Trainee: 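Dropping a structure here in structure tokens format, bear with me for questions.
Letters A, B, ... mirror the listed sequences (proteins, then strands); counts begin at 1. No experiment lies behind these values; they were computed from the predicted model shown.
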Amino acid sequence: MKAYRDIATITLDINGEERRVVVRPADTLLRVLREKVGLTGAKPGCENGDCGACTVLLDGLPVKSCLKLALEAVGKKIITIEGLKDTAIQKAFMEEGGFQCGYCTSGFLVNAYALLEKHPSSKSGADREWLESNLCRCTGYEGISRAIDKARDIIKEYK
Amino acid sequence: MEEPKHIGISFPRKDGEDKVRGILRYLGDKQSPQMLHAALKTSPHAHALISKIDTAEALKALGVRAILTGEDIPGNIGIYIGDKPPLARHKVRHYGEPVAAVVADSEEEAYAALPLIKVEYESLPVIHSPSEALAEDAPLLHEEMKTYTHIPAVIPEPGSNVANRTRIRKGDIESGFKACNTVVEESFSFPPGDHVAMEPRASTAEILDDGQVIIHSTTQAPFVVRNLLSISYNLPVGKITVITFPLGGGFGGKAGIQLEALVYLLSKAVGGRLVRLVNSRENDLVSSPGRTGLEARIRLGCSKEGRLEAAEINYYFDSGAYADYAVNISRAAAIACTGPYAVPNVWCDSLCVYTNHPFATAYRGFGHIELAFAMERAIDLLAEQAGFDLLEFRMINAIRKGDTSPTQSTMDSNTGDLKMCLENVSEMLEWEKGTREEMPDGKVRAKSVTCFWKAPAMPTNADGGVILTFNEDGTVNLHCGAIEIGQGLKTALAQVLAEKLGINPGQVHVVDEVNTRIAPHDWATAASRSLFMIGRALVEAADDAIRQLKQTAAIVLRCPTEDLKVSEGRVFLADEPDIGLPLADVALGYRYPEGNAVQGQVIGSGRYISRRLTEIDPETGKGRPALEWTMGAQGVEVELDPSDGSYRVLKAVCSMDVGKVINPFLARSQVVGGMSMGLGFAGWESFIFNKQGRVINDTLRNYNILRYGEEPEYEVKFVETPQRDGPYGARGLGEQGILGMPGALAGALSGALGRPLNRLPLTPQTIWETGKEGAK
Ligand code: FES
Ligand code: FES
């Protein structure tokens, strides 16, 4: 493993693009995405791993980017909300009211997207385990859980 | 009248696409290289004298540009009472209170300097509750209260910890109780907590060379911020610009003046440079304001027939260290003190009391959630004691047209149909099948019902305005000063405008950003009044635009304006629809083929100011402070395991009379969102304090809000008794979903346990302990 002591130049694979950025070893992935790359879709809600608003995918798995160092993402494929376009879950969120203020939405969508990739047909059990790591203050989750069901239907239809 | 095309329709949210793509920008998403960054040093004590602050070492740290402490900045701020220094001066009054602020080149450098600031404290005795604050020998939190400026509607009591007292005296309380067959008296309470909007608060400030002050802030009330900055720092109001982007939730927590004053002072300290201050979650929870706590004592009596005769009510609101909105919350709770019931004799003292808790501001419900919890519990106890069914008892007493409110104003023909709401709740919960059932596995299921009402608590001259401009293609831009906070207001407004102009809501463009220099004046996006008031202004603006469109068309079509109609994107002769012009041809003035042009662009404007509101009498509370009342009924079904106090909410229902539903989908999601917040409020949300008054759950890891999978099944039914002065008959509904839930959860769990639960939060431990006491 490479050791970093001071400011370093690294290359990150973000939404299919290679991006060269200069970081401090202590910089979190969330901060680097937002402040150095300008991808502000992932949100800081606590920067303490408690809310999930900052969720991104690392090699297909959801992680809280506030708890990851940017350096740890080197060599991995990073997908942020900006990398998701016209997915079933985004469509379903729109149709089923999966959001109000939208602040938690990026994190929820990214997490739910990964959930549907891993568990395209399972219900509830896995859903709760995956999604209880994300907080939403506006919706009471009704629209979100409906959206997940709907997205599963959409995915099935296209299979 | 024709059937409305766009009212009552679930038109998709205007901001939906941007939100699901993650490209909607909130204030925290905007940064620029020239920005300086601020960080706050906060107090670890709940009450202490600041004996010394040493900033010398911190000032030497790399990147640090300035440090302010309370001593550096004179004066106080406060929306109703000027009681709060932007940074603590001489003493700290709550855990997490900012004592110093650092400005540095980067956020890391600002935070790195904080530990270098040395603060010495001398601790003082801590006030943990309103009753401690009201005790004879209680220490005074604000010795200088006498010198504080305040608005006339708020009456602080210097020499005590009372920041405001509102009195309601209606009828004759003594003879009222004499007429009673059954009387109960009980206390109810809950500790303070927080809004937990997912977006933490943020503000930036810059002072230009010509003295202009530019503030960007996560505020629900940019015009309030502008006004208070002007008053507090003697700045010409026209030189201040406050800009707001869509908010990541607010729930009242972003409605006053908060970080803006401090960040302005910080910018001033660095020669006017652009300074940015973003709350950490911890600061957002305890340094910025949360919500009030409450202690209530209620004596309530009814006749043999179950009619409420008398209510003696004491509300003690826990405002924490500073008054902020809490002095108006306690007042709003007095105005609505009985809940939506006809009570002929009412005596209420509603106090706002200082304690050493983090201070409180507006919170969804604004006093009405607090009073609803206390009153609904009291109603349950009274109904049970008098031998009535809980729903039946509420039916008997539901307020209706012709009854008088606690402030003695007569409920008019706009009064919602509370009985119908109760009937809906009964149906949704299958009330007639019984309200308590013991399950074979030892668990107990129980149902509850509550009522609620709410009127906007706002200045008697609260107002709003709308300006409409047009584009070359005939589409319309809608400008107003109200903030998109997640409620979907701008979508609903687009629907109202589309309806008026006979166009598609897609042809209405809304503006996300609000800039006080551009937008028409608007009191605040609070009190669930935006749809009503901005809606009214919008209807007037649309009429104005229609008049102008017709004027231009009348010249071209050579006909009287009265013969014209605007619909389907055209203006045409009503009786000969083929003769007409597309809006695109007249919206920016008409241009004849040879080049001559007439009339110029259409600019529609409309405004609304609250109608016939009065202040209330300081001795009796008599007056007309309420613009409109939204009322309804709620209930839950729970399943309790009495062996350990754990429970699950199976179903939560709500029926609300909203006048007219503009967008059913958005309306339902507002209500459901409120209900979920109300369940959390009742179930587990509150600050936990240690003996020294420190908040020990100041992160989202231990300050719990409802999580995915914990939500019950929700059911919502709207009732539509038109608000005749509202836009298309609509009234406010943004906050109300929360109001009855705490009482409902406590009611159902009390029913299941067979013992009254009168204190929140309803943790399994409290429930189990209460059950055990009962068994003794
Ligand atoms: S910001 Fe990462 S979990 Fe909250
Ligand atoms: S939509 Fe506002 S927090 Fe989830």
Trainee: Between S669(B) and chain A, with a heavy-atom cut-off of 4.5 Å, which part of the residue counts as in contact: side chain, backbone, both or neither?
Mentor: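 Backbone plus side chain of S669(B), per the 4.5 Å heavy-atom cut-off to chain A.
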Trainee: Of the backbone (N, CA, C, O) and the side chain (C-beta and beyond), which part of E199(B) lies under 4.5 Å from a heavy atom of chain A, both, or neither?
Mentor: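 For E199(B), heavy atoms of backbone and side chain both lie under 4.5 Å from chain A.
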Trainee: Can you tell which part of E95(A) gets under 4.5 Å to a heavy atom of chain B, answering side chain, backbone, both or neither?
Mentor: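 Contact with chain B involves the backbone of E95(A) alone.
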Trainee: Only one of Q670(B), Q487(B), K19(B) clears side chain to side chain donor-acceptor pair (under 3.5 Å) with Q100(A); which?
Mentor: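 When Q670(B), Q487(B), K19(B) are each tested with Q100(A), the side chain to side chain donor-acceptor pair (under 3.5 Å) holds only for Q670(B).
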Trainee: Check each atom of F665(B) against the heavy atoms of chain A and say whether the ones under 4.5 Å are side chain, backbone, both or neither.
Mentor: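 The answer is the side chain of F665(B).
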Trainee: What part of E710(B) is in contact with chain A, defined as an atom under 4.5 angstrom from a non-hydrogen atom: side chain, backbone, both or neither?
Mentor: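 It is both, since atoms from each part get that close.
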Trainee: Quick check on T80(A) against chain B: is it the side chain, the backbone, both or neither that has a heavy atom closer than 4.5 Å?
Mentor: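 Neither part; nothing is under 4.5 Å.
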Trainee: In sequence, state the C-alpha distance, the side-chain angles, and the governing distance for R137(A) and E685(B), and then conclude on salt bridge (charged side-chain N to carboxylate O under 4.0 Å, His left out).
Mentor: CA-CA 12 Å; R137(A) 190 54 153 170; E685(B) 275 186 35; 2.6 Å; yes
Trainee: With a 4.5 Å cut-off on heavy-atom pairs, point out which of K30(B), E713(B), E17(B) contacts chain A the most.
Mentor: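 Among K30(B), E713(B), E17(B), the one with the most close pairs to chain A is E17(B).
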Trainee: For Y141(A) and Y708(B), take the angle between the two ring planes, folded into 0 to 90°, and tell me which bin it lands in: parallel under 30, tilted 30 to 60, perpendicular over 60.
Mentor: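 Perpendicular: the ring planes of Y141(A) and Y708(B) meet at over 60°.
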Trainee: Quick one: what part of I485(B) sits under 4.5 Å from any heavy atom of chain A, side chain, backbone, both or neither?
Mentor: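 Backbone of I485(B) only, per the 4.5 Å heavy-atom cut-off to chain A.
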Trainee: At a heavy-atom distance under 4.5 Å, which candidate from T87(A), T105(A), L135(A) has the highest pair count against chain B?
Mentor: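 Answer, by heavy-atom pair count under 4.5 Å with chain B: L135(A).
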Trainee: Give, as side chain, backbone, both or neither, the part of R21(B) having an atom under 4.5 angstrom from any heavy atom of chain A.
Mentor: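 Backbone plus side chain of R21(B), per the 4.5 Å heavy-atom cut-off to chain A.
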Trainee: Heavy-atom distance under 4.5 Å to chain B: side chain of K91(A), backbone, both or neither?
Mentor: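 For K91(A), there is no contact with chain B at all, as no heavy atom is under 4.5 Å.
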